[in-house]
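Notes to accompany the following structure.
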Amino acid sequence: MSRPKVYVPNAIPDEAYRILAEHCDIRYRDTEDPVPDDEVLAGVRDADGLVIYSRVKVNQAVLDAAPRLRVVSNIAVGYDNLDIPALTRRGIVATNTPGVLTETTADLAFALLMAIARRVVEADRYVKSGRWDGWRPSLMVGRDVYGATIGVVGMGRIGQAVARRARGFDMRILYHNRSRNPQAEEALGAEYRPLDDLLREADFVVLLTPLTPETTRLIGARELALMKPDAYLINAARGPVVDESALIEALREGRIAGAALDVYEQEPVAPDNPLLQMDNVVTLPHIGSATKATRIAMAVTAARNMVTALAGEVPPNAVNPEAIRTRAQD
Ligand SMILES: O=CC(=O)O
């Protein structure tokens with residue numbers, strides 16, 4: 001039997017490459033540079049599998065160009081770059097990499113929270129600018145994290161990992177989620193709130209939802225207006241969960257105290273985006289899961305998902321296992 005063909009349009013760690021190479025023929029683009037759309041279309045032409053980072057979109061045009069495609073393995077926990085209904089209709093299994101990045105991403109979300117509360121980035125820039133003329137009681141005063149109220153929106157794996165960190169800071173933990181999580185309530189002392197109530201009460205609103213039609217622009221002008229004027233918004237989920245123009249407006253008018261962002265409506269963020277000019281906004285370049293160990297673990301997980309799915313088994317992290325049934329009925 002001939003080996004399946006897998007298209008890998010961006011460089012992946014050797015550990016993951018080796019797993020794929022043992023079982024598949026790989027068409028490899030050994031660079032992290034963005035893949036032009038026409039290269040994706042050419043790359044998938046004879047591919048049985050596609051292993052991608054979330055910057056590559058798999059839409060109808062890609063599917064139309066990929067008659068043999070059976071598996072798409074995303075090296076990310078989020079999979080909003082994939083048109084899941086279209087994949088499922090075609091019997092193509094999609095997989096993601098949950099679990100391996102939970103703690104790493106929670107660390108980063110908490111780092112965003114700490115950085116905005118204690119003005120870490122602003123203070124660093126200030127010292128490096130050479131303007132510091134000595135200790136002053138009001139210099140770079142921020143707000144306490146310890147004992148404050150955190151509102152976690154999206155109490156999945158990462159949300160719960162952030163709540164565990166918040167417990168260490170003796171924070172009051174509120175959460176909002178599609179469904180209540182009695183286990184998180186019991187284990188973490190987290191209190192469920194309808195979204196509006198969470199927004200009214202939290203000092204730090206931390207977004208950790210997947211991007212879905214329901215969570216797109218979940219936080220808009222109305223929601224920002226519910227937040228306390230001294231509260232902060234932290235987005236470690238996906239940019240489009242927030243209406244970015246409404247956020248810019250709220251920050252300009254001082255309706256919230258600040259924001260710490262790892263993600264944006266458009267990535268990379270445009271150099272003239274007003275958020276980049278605001279001292280009370282921390283801006284990171286989508287690095288939630290960016291540690292060496294976690295990036296390797298994500299790629300290895302993605303490679304294993306691919307190999308398992310190509311062997312005709314249900315892969316450990318199938319996001320649309322029903323696609324296998326669709327295929328079986330063909
Ligand atoms: O953003 C990163 C991911 O979804 O893993």
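Indexing begins at 1, ligand by ligand and atom by atom, following the structure's order. On a predicted model such as this, the values are computed, not experimentally measured, just so you know. All values below come from the heavy atoms of this structure, side chains included, with hydrogens, waters and symmetry mates left out. Start at 1 with the first residue, then count along the sequence.
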Exercise. Applying salt bridge (charged side-chain N to carboxylate O under 4.0 Å, His left out), which residue pairs with at least one partner in residues 63-79 are found, sequence neighbours left out?
Worked result: Asp48-Arg68
Exercise. Between Pro9 and Ile52, is any pair of side-chain heavy atoms under 4.5 Å apart?
Worked result: yes
Exercise. Is there any salt bridge (charged side-chain N to carboxylate O under 4.0 Å, His left out) pair reaching into residues 218-230, and which pairs are they, with sequence neighbours excluded?
Worked result: Arg143-Asp230, Asp196-Arg222, Asp203-Lys228
Exercise. Do the side chains of Val241 and Thr216 get nearer than 4.5 Å, heavy atoms only?
Worked result: no
Report every pair formed by an N or O atom of ligand 1 and a protein N or O atom separated by less than 3.5 Å, giving atom names and the distance to 0.1 Å.
residue, atom, partner, partner atom, Å
ligand 1, 1 (O), Arg238, NH1, 2.8
ligand 1, 1 (O), Arg238, NH2, 3.4
ligand 1, 1 (O), His286, NE2, 2.6
ligand 1, 4 (O), Val77, N, 3.3
ligand 1, 4 (O), Gly78, N, 2.8
ligand 1, 4 (O), Arg238, NH2, 2.7
ligand 1, 5 (O), Val77, N, 2.8

Problem set entry | Where at least one partner belongs to residues 124-133, residue pairs that pass salt bridge (charged side-chain N to carboxylate O under 4.0 Å, His left out), sequence neighbours excluded | Asp124-Lys128, Asp133-Arg136
For this session: Examine Leu20 and Leu50 and state if one hydrophobic cluster contains both, with Ile, Leu, Val, Met, Phe, Trp and Tyr joined whenever side-chain heavy atoms are less than 4.5 Å apart.
Result: no
